[in-house]
*Asks:* 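Following this message is one structure expressed as structure tokens.
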Amino acid sequence: MNASLTLSNHVRWHLRCERLCASVEGPAGTEESWTRVMALKLVHRFPQLSHFSIQRISVGPARLLSTSRQSLCVACLCTSAGRCIRRQGCLRLQSNCGIRSLTTTIVREPSFVASSSVGLHRDSVPRFQLTLLHRPTAAEEQGFQQRLGICSSSRQVFKLLHSVEIISDTMAAAALHRVAEVEQEDNALRDPTVLEKDTVRALCFQLEQDSARLTDGGLVSALLACTRLYLDPWSTLMVRLVSESQTRLDRGQMSVDELCTLGQAMLAIEGPGGVMLEQVMEEIQRQKPAQWSLAELVAVYKLLQGILGEDGKYRDLLNAMHTHTMTVTSRMDPAAVSGLLSALVTLNQTQAMPLVISLCKQAVRHVPYFTDEELTDVLGALMHFGHSDHYFVKAMEKYVPTMAFTSHPETVSKVMQFFGRRNILSPTVFDAVAESFVYRADDYSSSQVAQQIVAFGKLGYLPPNAGQMFGKVETILRTRFSHFQPRTLLNLLHACILVKRFPVNFVSKVFSSYFLQQLQEEDTIIERSVLAQLTQIYITVKLECPSYEGPRLLPKYRVKSFLMSGRSLETPVDPHLYNSVKAGLVDLLGDRQYFGSKVLTPYCYTLDVEIKLDEEGCVLPASHVDEVYKRIALCIDGQKRFTTNKRQLLGKEAIKQRHLRLLGYEVVQIPYYEFEKLQNKSSVVDYLHQKLFPHTYRLSW
């Protein structure tokens, strides 16, 4: 049969035969015989009629026409193969296949009730039929979707399809979507042979033959499902669905949700530069975002996320969407909050911070209900936009102890990355993750292990089970050393020294020419921040591990100063706090020459203020080099040198002060939270005197 003929053509031929029979005069038996002959000719010419049941509303006398033909193999019916593809042989060749009767009600003036539903016979082999009368009710569709959602394998999906009497085109498309979801692995199907199953072939055959009869929603959903199943874009099914979608698109009557579904499908087929996708976006831009539903807003954001916004091409549309979304964030469910934050990251909507803050507030309510993937996206977005909310942190502190042992390794690692990146020290969270690390470390990838340990090092925190945790880290390094990427390994080892855990057994490998060559292969020139980490590990081993006798770091890989732009191993002094302390020191010491500022030491650390004393305790001019008996390193610690929620120095500041003491400096800390309490110049001078010279009488200048 010509593949281009549709069901409407079949119906016209059927009616033509009936009218021809009615026009023949003669005995009833002759008329019945003539009718039977014409019907058989019709069935032989159009075999598909044998498995379509066409129902009509009768408006006049009805005649019953019965024909019988041998049952065909569904694999033959549902494919365009020139031979049967069933391993057990074609049903038409089996002697016990039985006889199927086709019963069709024929009327002189038929009136069709349009509906797009697929009926499923309860045979041993699935046979789908198009019925024009009985579309499933909304409750039936909802129940089907709920049962479909709990299917965890394609076999369960097929079993569900066999259990229903009638399914609509949207239900059929949803079934294909579910098959794609349970079978997808990375960017392919886990079991490609699922496409050869009779049920899938029958569904695809029905969608191919009756694409013109599908609803707009069913059509575009089926097309998207086919892309998720990685069907050949040039297959007959795909070409027909795309062609019909183009026809519907040209009519300009699709809803925003249907346009987005079509856009996602064409994005998968053509990529972001496709002509049809461009037409979809033109249709969407003609709409008013203020009139969109929440589901439509989320759908458009996801579509734009796939297109990547193309350099501000849709800036006006996005701004209008941001404005409307602000009014509906309080009604968003976990999936919507996560999806929008993820889209804002991909589109790099840094100007939409009010929307990000609003979404974060809504996320507080959903923390216990996010899936692992959703929570991972939310945390990634908050890190991207540099935002954290006090209430969100509190919600995470309640939730993390309940999920640390069971959630996906990537989610647990992202939690630690979030707290580390935002400098938020939560002993509740860190202790729970440290405890779970001991038991789950073997499940973590090398990068996930590093992400978790780096957070401990950055915030300078040791959990109660630090011995067990770092013992596990050492075991992982010993057994999986070669699995670590050079930069990842360096970050891990550097985090260890920040909390006084010295990886002596692995330092020799890091300082080897082979490892340094690997670092250089990642980047043509090793970044200065990487050299700074190497240098600090070298200094740590030299100062705190005197028993180490392995290779040293060559001078060409060492930096002169840890203070640098970007990823600095020191936090620059707060200018406002520094100026206030400097003024107090001038009043205390009597002159600016008696202290040095931003002094670089031979060990790469930069001192905020250095004061030199002779053997009798008298202050020497900063330029004095000889007869220096004692050096005082004044650390003017502003807020950025502490964790954001606790008065604890960051790991890089703690190691700096630790090393300065080992180098012979008397370290005097001037924390911002103490200095800000001082009300006047006199109190500032008294405070500095007590800090610097607690056992001497202060002179007035």
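Counting begins at 1 with the first residue of the sequence.
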*Asks:* Could you report the tightest heavy-atom contact between Leu277 and Leu267, atom names first, then the distance?
*Replies:* CD2-CD1, 3.7 Å
*Asks:* Over all heavy atoms of both residues, which pair between Ser446 and Thr488 is shortest? Give the atoms and the distance, please.
*Replies:* O-CG2, 4.0 Å
*Asks:* Check for a donor-acceptor pair, side chain of Glu283 on one end and backbone N or O of Leu259 on the other, with a separation under 3.5 Å.
*Replies:*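 Judged by distance alone, no pair lies under 3.5 Å.
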*Asks:* Quick one: does any side-chain atom of Asp232 pair with a main-chain N or O of Trp234 as donor and acceptor, under 3.5 Å?
*Replies:*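 Side chain of Asp232 to backbone of Trp234, a donor-acceptor pair under 3.5 Å: yes, one is there.
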*Asks:* How close do Val200 and Val194 get, heavy atom to heavy atom, and via which atoms?
*Replies:* CG2-O, 3.5 Å
*Asks:* Please table the atom pairs, donor to acceptor, closer than 3.5 Å between any side-chain atom in residues 385-392 and protein atoms at least two apart or in another chain.
*Replies:*
residue	atom	partner	partner atom	Å
Ser388	OG	Arg422	NE	3.4
Asp389	OD1	Tyr391	N	2.7
Asp389	OD1	Phe392	N	3.1

*Asks:* Taking the side chain from Thr227 and the backbone from Leu224, do they hold a donor-acceptor pair closer than 3.5 Å?
*Replies:*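 Side chain of Thr227 to backbone of Leu224: a pair is present.
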*Asks:* Taking it one step at a time, do Asn491 and Gln451 satisfy side chain to side chain contact (heavy atoms under 4.5 Å, CB included)?
*Replies:* CA-CA 9 Å; Asn491 288 335; Gln451 284 174 350; over 6 Å; no
*Asks:* On a heavy-atom basis, which atom in Asp372 and which in His408 lie closest, and how many Å separate them?
*Replies:* OD2-N, 2.9 Å
*Asks:* Checking side chain to side chain contact (heavy atoms under 4.5 Å, CB included) for the pair Val530/Arg487: CA distance, chi angles, key distance, verdict?
*Replies:* CA-CA 8 Å; Val530 174; Arg487 292 284 291 273; 3.4 Å; yes
*Asks:* Can you find a pair of side-chain heavy atoms, one from Leu355 and one from Thr329, that are under 4.5 Å apart?
*Replies:* yes
*Asks:* Judged by atom type as modelled, is there a donor-acceptor pair below 3.5 Å linking the side chain of Asp257 to the main-chain atoms of Ala295?
*Replies:*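 No; zero donor-acceptor contacts below 3.5 Å.
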*Asks:* Compare all side-chain heavy atoms of Phe144 with those of Leu160 and state whether any distance is below 4.5 angstrom.
*Replies:*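 Answer yes - side chains close enough.
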*Asks:* Side-chain contact, heavy-atom cut-off 4.5 Å: Asp216 with Val220?
*Replies:* no
*Asks:* Closest approach of Arg190 and Val182, non-hydrogen atoms and distance?
*Replies:* NH1-O, 2.6 Å
*Asks:* Take Met276 and Leu262 through the side chain to side chain contact (heavy atoms under 4.5 Å, CB included) test and state the conclusion after the steps.
*Replies:* CA-CA 9 Å; Met276 198 165 168; Leu262 176 57; 4.0 Å; yes
*Asks:* Please check if any side-chain donor atom of Asp250 sits under 3.5 Å from a side-chain acceptor atom of Gln279, or the reverse.
*Replies:*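 There is such a pair between these side chains.
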*Asks:* Find out whether Tyr369 and Leu375 are in side-chain contact, i.e. whether some heavy atom of one side chain is under 4.5 Å from a heavy atom of the other.
*Replies:* no
*Asks:* Do Gln156 and Ser152 have a side chain donor and acceptor closer than 3.5 Å?
*Replies:* yes
*Asks:* Step by step, work out the side chain to side chain contact (heavy atoms under 4.5 Å, CB included) result for Val242 and Gln246.
*Replies:* CA-CA 6 Å; Val242 171; Gln246 180 68 70; 5.6 Å; no
*Asks:* Please answer whether the main-chain N or O of Leu341 pairs with a side-chain N or O of His384 as donor and acceptor at a distance below 3.5 Å.
*Replies:*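 Checking the backbone N and O of Leu341 against the side chain of His384, no donor-acceptor pair under 3.5 Å is found.
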*Asks:* So Val280 and Met254, do their side chains get closer than 4.5 Å, heavy atoms only?
*Replies:*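 In short, these two side chains do not touch, never coming nearer than 4.5 Å.
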*Asks:* Whether the Thr170 and Glu141 side chains hold a donor-acceptor pair (N or O, under 3.5 Å, no angle test) is what I'd like checked.
*Replies:* yes
*Asks:* With sequence neighbours left out, what residues match Ser245 under side-chain hydrogen bond (donor to acceptor under 3.5 Å, both in side chains)?
*Replies:*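 Ser245: no side-chain hydrogen bond (donor to acceptor under 3.5 Å, both in side chains) contacts found.
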*Asks:* Looking at Glu244 and Arg240, is there a salt bridge between them, counting it only when a charged N and a carboxylate O are closer than 4.0 Å?
*Replies:*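 No.
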*Asks:* According to side-chain hydrogen bond (donor to acceptor under 3.5 Å, both in side chains), who are the partners of Arg178, at least two apart in sequence or on a separate chain?
*Replies:*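 Per chain and number, Arg178 pairs via side-chain hydrogen bond (donor to acceptor under 3.5 Å, both in side chains) with Glu181.
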*Asks:* So do the side chains of Val454 and Gln417 get within less than 4.5 Å of each other, counting heavy atoms only?
*Replies:* no
*Asks:* Any donor-acceptor pair under 3.5 Å linking the side-chain atoms of Gln305 with those of Ser342?
*Replies:*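 Present: a donor and an acceptor within the cut-off.
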*Asks:* Find out whether Met281 and Leu304 are in side-chain contact, i.e. whether some heavy atom of one side chain is under 4.5 Å from a heavy atom of the other.
*Replies:* yes
*Asks:* Determine whether the side chains of Ser154 and Glu183 contain a donor N or O and an acceptor N or O closer than 3.5 Å.
*Replies:*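 There is such a pair (donor and acceptor under 3.5 Å, judged by atom type) between the side chains of Ser154 and Glu183.
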*Asks:* Of all heavy-atom pairs between Ala180 and Arg228, which one has the smallest distance, and what is that distance?
*Replies:* CB-CB, 3.7 Å
*Asks:* Indicate whether the side chain of Gln349 and that of Gln351 have a donor and an acceptor atom separated by less than 3.5 Å.
*Replies:*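 Yes, Gln351 and Gln349 have a side-chain donor paired with an acceptor closer than 3.5 Å.
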*Asks:* Can any side-chain N or O of Thr261 pair as donor or acceptor with the backbone N or O of Ser221 at less than 3.5 Å?
*Replies:* no
*Asks:* Can you check whether Leu297 reaches Met321 side chain to side chain, under 4.5 Å on heavy atoms?
*Replies:*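 Touching, per the 4.5 Å side-chain cut-off.
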